[in-house]
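Some notes on the structure that comes next.
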Amino acid sequence: MSLLYEGKAKKLFTTDRPDELLMEFKNSATAFNGVKKAEFDDKGRLNKALTVRLYQLLEKQGVKTHLVRDAGEISLIVRPVEIVKLEVVVRNVIAGSLAKRTGRPEGTVLREPIVEWYYKDDDLGDPIVNEDHIREMELATPAELVLMREAGLTVNRLLTDIFGSAGLRLIDFKLEFGRTLPDRKEIVLADEISPDTCRLWDAVTNEKMDKDRFRQDLGGVMEKYAEVLKRVEHATGS
Ligand code: UDP
């Protein structure tokens, strides 16, 4: 196996098959575009375990993902894809950058879910972009945008139910999509779904159960990640 790519939270390796890659989840955490950094024992295992559980549940409901199969403690086997250089954020409740951008308080429930696009570019700090910017930069075709928006809203409905059954409110989350290789014919969900990429609040207390504990120095980061995994596994059957 050779290392194909190393990102902030994951490594991607080739395997002996051209149609399979190994995605390994790291213990490192970063926030604020990589300015804040830390290592958390067990983060890789917890995020891998939640991602594979959620991908399997989504696949059952007809959502296509890059998951092929589980591959041990911190790894998944995935299909090779060309990652679309957009982060697709879906929001149900105002938090984070939307609170800053709108001046509305965190916790305000949105009338309808909001879908936002961010240009995946570390040097630029992942700026928000609109569909005209995306067309100009040729980041995705109009048809791909329609597909990703619809998939984002479908995933939002499914994840809201799954987390809801685990006593968690899905505030917002980020998705990434990839074009299947070598033909680029299909767009599938890629990357991870974990407390690193979702805001999750306890349904009763509204306690934060996600990466905001790291961003805001609230402590107990891995305890809450483990609690999220335990609750989702319990609610969806082991
Ligand atoms: N998010 C992410 N990766 C990013 C940026 C955001 O996973 O590079 C997630 C974040 O955890 C939250 C949602 O996307 O669940 C919306 O994030 P927001 O735009 O509020 O930005 P932030 O507050 O993270 O700066």
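Counting starts at 1 for both ligands and their atoms, following the listed order.
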N-O pairing of K36 and D217 below 4.0 Å: yes

Can a salt bridge be assigned to the pair D210 and K208 using a cut-off of 4.0 Å between side-chain N and carboxylate O? no

Answer with yes or no whether the side chains of T51 and S194 bring together a donor and an acceptor at under 3.5 Å. no

Are T180 and R79 linked by a side-chain donor-acceptor pair shorter than 3.5 Å? no

Atom-level proximity to ligand 1, residues with heavy atom under 4.0 Å: E87, V89, R91, A95, G96, S97, Y118, D126, D172, F173, K174, D196, T197, C198, R199, R215

Can the ring centres of F40 and Y225 be said to be less than 6.0 Å apart? no

side-chain contact (heavy atoms from CB on, under 4.5 Å) between I114 and V90, intermediate numbers included: CA-CA 6 Å; I114 289 177; V90 184; over 6 Å; no

